[in-house]
Amino acid sequence: MAAIAATQRTLRASTMRQREQSVRKIQKKRPQKLNKSQGKGLAPNTAPNRSGRVSPRKRKLAADELPVTQGRPPANLTPSKTSSATLHEDMSPDRPKRRRVGKLPASNHAVQDEQELEAKCYVDEYVIPDVAGVLDAARPISSTDKSCAAEYAITVHQRLEQFITPTVKPPVQAARGRVRSGRNVRRHCSQAAKARLRGSPTGCGTQLVDTDAQLKDYSLLRRWVSLDSRLNGSDSITSVAKEKDICLWTSAFIGFVADQLEVVANPKSHSAKPRRLIALSQLDSAAAANADGCSCIDVVIETEVDSTSQVSEMQIDDPCFKNAALSIGVKRFPSEQNRAYWQLAQRTHTLHSTQLNRRFAWGLTVCGTHVRACLFGNDDILASEVMDVATESGRKQLVVLLVNWAMCESQRLGYDPTIRYNRETGQWEIDVWDDESRETHTYIHERTLFDTSSQFGRRTRCFIASARENSDEQPAQKVLIKDAWAPAEFPDSEVVRDELSNLRTIRDKLGADDALAGTYSHLEAGGVVQQMQTKQKTADDTTGSIFADIDAAVLEDVPARIHRRVATTPVGEQLKSVRSVDELIVVVGDVMMAHTAIVRQCDILHRDLSTNNIMFCRDDDGMVRGLLIDFDNAVLQSDLHDEQRPDQIGTFPYMSIGNLEQSSVKRTALDDWESLIYILCWLGTIGINRDDQTNVEIRSDLTICHWRDGSATNIAKAKRRTLQHSDLFGSEILACFAHPLLYANLVRLILELRSQLFYNERLSSLAQGCIDFDPMYSSIRNAELRTHYLDCNIDTTVVDPFARRAEFADAIVDDLLNVIQEHRNNALNRIKDSQPST
């Protein structure tokens, strides 16, 4: 027995040793496991409990052991890897506060100051604050719906006041839970009923009738409306309200109004069912925790039953912009109002670029308890007076606004009914009203060719569409639809620009010329967009109709604009789709021949040649044909007078020197030919097509970059200097082309165009170059003027070569046209020779 016991003890000891060895091997392979209080920026004895929070007692004991970094985290901490819940601020009034790990360090205060300055400059330029009548712009147009909205708003406001009164308890919810946000709300937004308050108008006997009551925690309303007293303290709100809290409170307010409107609305008393306003908050996004970036959303309002809010193909990564009726910018303090404006504007710009049928946009800023409605026009942002939800009057104004948004017509909400989504076909339809035939032409949207890069100004957009009424035997005709808000009137000092009138003139005078067919925009239909005022009455869509409820004195400095839409043919491709240098030469040759015919036969000067306005079409046989589009800045040459100061118009990088300097020299076709040289030089530098452009890296020190970046004066100086000297033009521009050998024909064309434009042999040296003639060479000047030069009769005191050449623009254009026609024909022959014989 003793031997057996000894053997068992030996086995147990051996087993223990093997187990210990295995544990040591595992520990060598694993990284050393840290104590909960280590590696998280916590002092010893401050390990968090199971909830992830440090107890107040441990936090107080560890306060003196943490290093004071003046707002920065300790050097041994990595903010991106440290949990925000592991380091807590000491809220005692006599102890300095420490920043929570994950916040911006003190070195980034400069970035915040820069954003603050940018926001202030933006607000000073665009925002018109405290405008009376902004809230009235949301009222329904229909008198019936307007009266119903006013009645419903009174009832909803009464219920709100009864609910937030401290003597009235909120309804007990069957399953209490946090307010859902983001996509969680979206899953339930299609249900007809949410958490509602049922019962008598006095609020007594309210009861819960829906099982989804946990979606809306209306007790948050009381916290928001009672926030005003806490704003009086400079630091107390820091521990009371964060931006995410205000987002939740705002969403709860909107949800309450939407729910009560469903209860009180009588569908038989108004023309349409009220929209369901759905407040979505992206609090689950990591970027929304700071709410400082413009890419994230604090709160957006979507509409559930509005057919105009269908998802378009122009979507961005963030789904909350697809159906958003408006965006809400949230800040903690009323002193951050400028940043709220600026942030809201960035998100509204995304709203414009995301939604196909957007005319204008609404927005809300929420700074603490201060709420302002913003109406985004084409040139300014009209902001309402403060609606303070801490006061009964402020809450009433906000309720009225939300009810109006739910009851008003889609055009009052900022949508364009003439661009609508067809649920049956799953396609977007675009109406183009024709002023001449007084008929509406409907087209099917295929894709967006060009979208505006700014939410202000003309907001030009271009769509490729096809005719709706087409047979199966013949393909539908494709058209290019251009949608823009053009100025309705021009000052006496400016030249009137009317693209629609110009297109009609070009169509009528050049339509019979088969040689020019397809080389310019041919008008199919066009006019002012018509908006329905009543069931039988339409009116022109203007900024005046949007701002009809705004005081005229406020709009005195706001430009009036008119909404125009034109459909033209043919539909071209962009220049970067050409296959060779020869095709590019053919395209620009066709365009400049059409340009010359339009100038001479229609008296219309284009004034905006650019890479976007020169396109091409490819025929069935593979041959290309140039296409000149966009006569938005075109004017009648007869309207250009010497007493008028020429305006600076066109695409900045391709403007002529006189255009950049706004010189007193009258604009002629030579300015557009000069723009052509800049276009060809830029394409030669970056590559003429997509394949060449992918392998080229543009250095910022290239001379051609000085033609594009900087002030207008500096760009003009850089162009004068380079174009004046042939050696500089060759070494600093042409020698930097992407493929000098492959682009040899393009180089020869540019050199000849420059020679004929700036150094035309039919003019004296006074009219050559880009720099004023030196009066010291009077003997040479007088000798030249006695010869046969074209400018021999011009006064010798005129030393500006641009002014002297402008007097003989037609003769110089003839020389330029001969050059480009010769190069075009040679390029066309080379293309034909390169094609395989059939």
Side-chain angles (χ1 to χ4, degrees), residues 275 280 297 300-327 346-363 376-378 408-433 440-468 476 478-486 524-532 541 543 546 561-568 571 612 630:
R275 299 177 184 84
L280 301 179
I297 302 174
V300 297
I301 294 180
E302 291 193 358
T303 57
E304 183 181 5
V305 298
D306 192 356
S307 62
T308 61
S309 62
Q310 295 299 315
V311 180
S312 71
E313 67 176 31
M314 299 182 297
Q315 299 176 4
I316 58 175
D317 294 336
D318 200 329
C320 283
F321 280 110
K322 294 185 300 185
N323 293 331
L326 57 100
S327 180
Q346 309 305 313
R347 296 167 184 170
T348 303
H349 176 226
T350 307
L351 200 70
H352 273 288
S353 60
T354 306
Q355 298 180 356
L356 188 69
N357 56 341
R358 177 63 65 175
R359 289 170 64 225
F360 65 93
W362 285 93
F376 287 80
N378 291 78
C408 69
E409 295 79 3
S410 60
Q411 59 262 37
R412 298 284 275 183
L413 200 57
Y415 293 108
D416 189 349
T418 62
I419 302 179
R420 59 194 171 276
Y421 185 80
N422 191 322
R423 295 175 180 268
E424 296 180 358
T425 62
Q427 296 174 318
W428 285 90
E429 298 178 347
I430 304 176
D431 291 341
V432 179
W433 170 260
T440 298
H441 300 257
T442 301
Y443 299 94
I444 304 300
H445 173 269
E446 294 188 359
R447 64 186 177 94
T448 299
L449 184 65
F450 173 78
D451 198 4
T452 178
S453 59
S454 173
Q455 69 186 81
F456 297 110
R458 306 177 72 92
R459 291 214 301 261
T460 302
R461 300 181 298 169
C462 293
F463 313 116
I464 294 180
S466 58
R468 185 174 62 176
K478 293 185 180 296
V479 297
L480 177 66
I481 298 179
K482 180 179 179 181
D483 185 277
W485 289 80
E524 297 292 337
V528 180
V529 176
Q530 301 295 300
Q531 294 291 343
M532 295 294 298
D541 190 15
T543 53
I546 299 174
R561 294 184 178 273
I562 190 167
H563 191 188
R564 286 200 180 103
R565 191 176 296 155
V566 297
T568 60
V571 176
N612 291 327
D630 193 3

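Here the shortest heavy-atom pairing between A525 and Y443 reads CB-OH, 4.3 Å. Shortest non-hydrogen contact noted between L351 and A325 is CD2-O, 4.1 Å. Residues A465 and I481 approach most closely at CB-CD1, 3.8 Å, considering heavy atoms.
Atom OG1 in T448 sits 10.0 Å away from atom CH2 in W428 (nearest 0.5 Å). If you take CD1 on I430 and CD1 on I444, they are separated by 8.5 Å, rounding to the nearest 0.5 Å. A distance of 10.0 Å separates CZ in R459 from NE2 in H349, rounded to the nearest 0.5 Å. Taking CD of E409 as the start and CD of Q531 as the end, the distance is 11.0 Å to the nearest 0.5 Å. In this structure, the separation between CD1 on I562 and CG on D541 is 8.5 Å, given to the nearest 0.5 Å.
There is a side-chain donor-acceptor pair under 3.5 Å between S466 and E446. For the residue pair D431 / T442, a side-chain donor-acceptor distance below 3.5 Å is found, with atom types taken as modelled. Judged by distance alone, the side chains of D451 and H352 never bring a donor and an acceptor atom under 3.5 Å apart.
Side-chain contact between D483 and T460 is absent, with no heavy-atom pair separated by less than 4.5 Å. Residues C462 and L480 form a side-chain contact, since some pair of their non-hydrogen atoms from C-beta on lies under 4.5 Å apart. Side-chain contact check for I419 versus R565: some heavy-atom pair is nearer than 4.5 Å. You'll find the side chain of T568 stays beyond 4.5 Å of the side chain of K482, heavy atoms only. Taking the side chain as every heavy atom from C-beta outward, Y421 and N357 never approach each other to under 4.5 Å.
E524 meets the side-chain hydrogen bond (donor to acceptor under 3.5 Å, both in side chains) test with H522, T569; sequence neighbours excluded. Listed by chain and residue number, R420, N422 satisfy the side-chain hydrogen bond (donor to acceptor under 3.5 Å, both in side chains) test with E429 (two or more places apart in sequence, or in another chain).
The closest donor-acceptor contact from the side chain of W362 to the backbone of R412 lies under 3.5 Å. Looking at N378, its side chain does come within 3.5 Å of a backbone N or O of G457 through a donor-acceptor pair. Not one N or O on the side chain of R564 forms a donor-acceptor pair closer than 3.5 Å with the backbone of G527.
With D416 as the partner, the side-chain contact (heavy atoms from CB on, under 4.5 Å) test is satisfied by one option alone out of R358, Q355, R359: R359.
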**OP:** Start with the C-alpha distance between V566 and V432, add both sets of side-chain angles, then the distance that settles side-chain contact (heavy atoms from CB on, under 4.5 Å), and finish with yes or no.
**Re:** CA-CA 7 Å; V566 297; V432 179; 5.9 Å; no
**OP:** Just do the side-chain contact (heavy atoms from CB on, under 4.5 Å) check on W485 and T543 with the steps written out, would you?
**Re:** CA-CA 9 Å; W485 289 80; T543 53; 4.1 Å; yes
**OP:** Go through the steps for W433 and V528 under the test side-chain contact (heavy atoms from CB on, under 4.5 Å), then give the verdict.
**Re:** CA-CA 7 Å; W433 170 260; V528 180; 5.6 Å; no
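Note: F463 and H445 have perpendicular aromatic rings, judged against thresholds of 30 and 60 degrees for the angle between ring planes.
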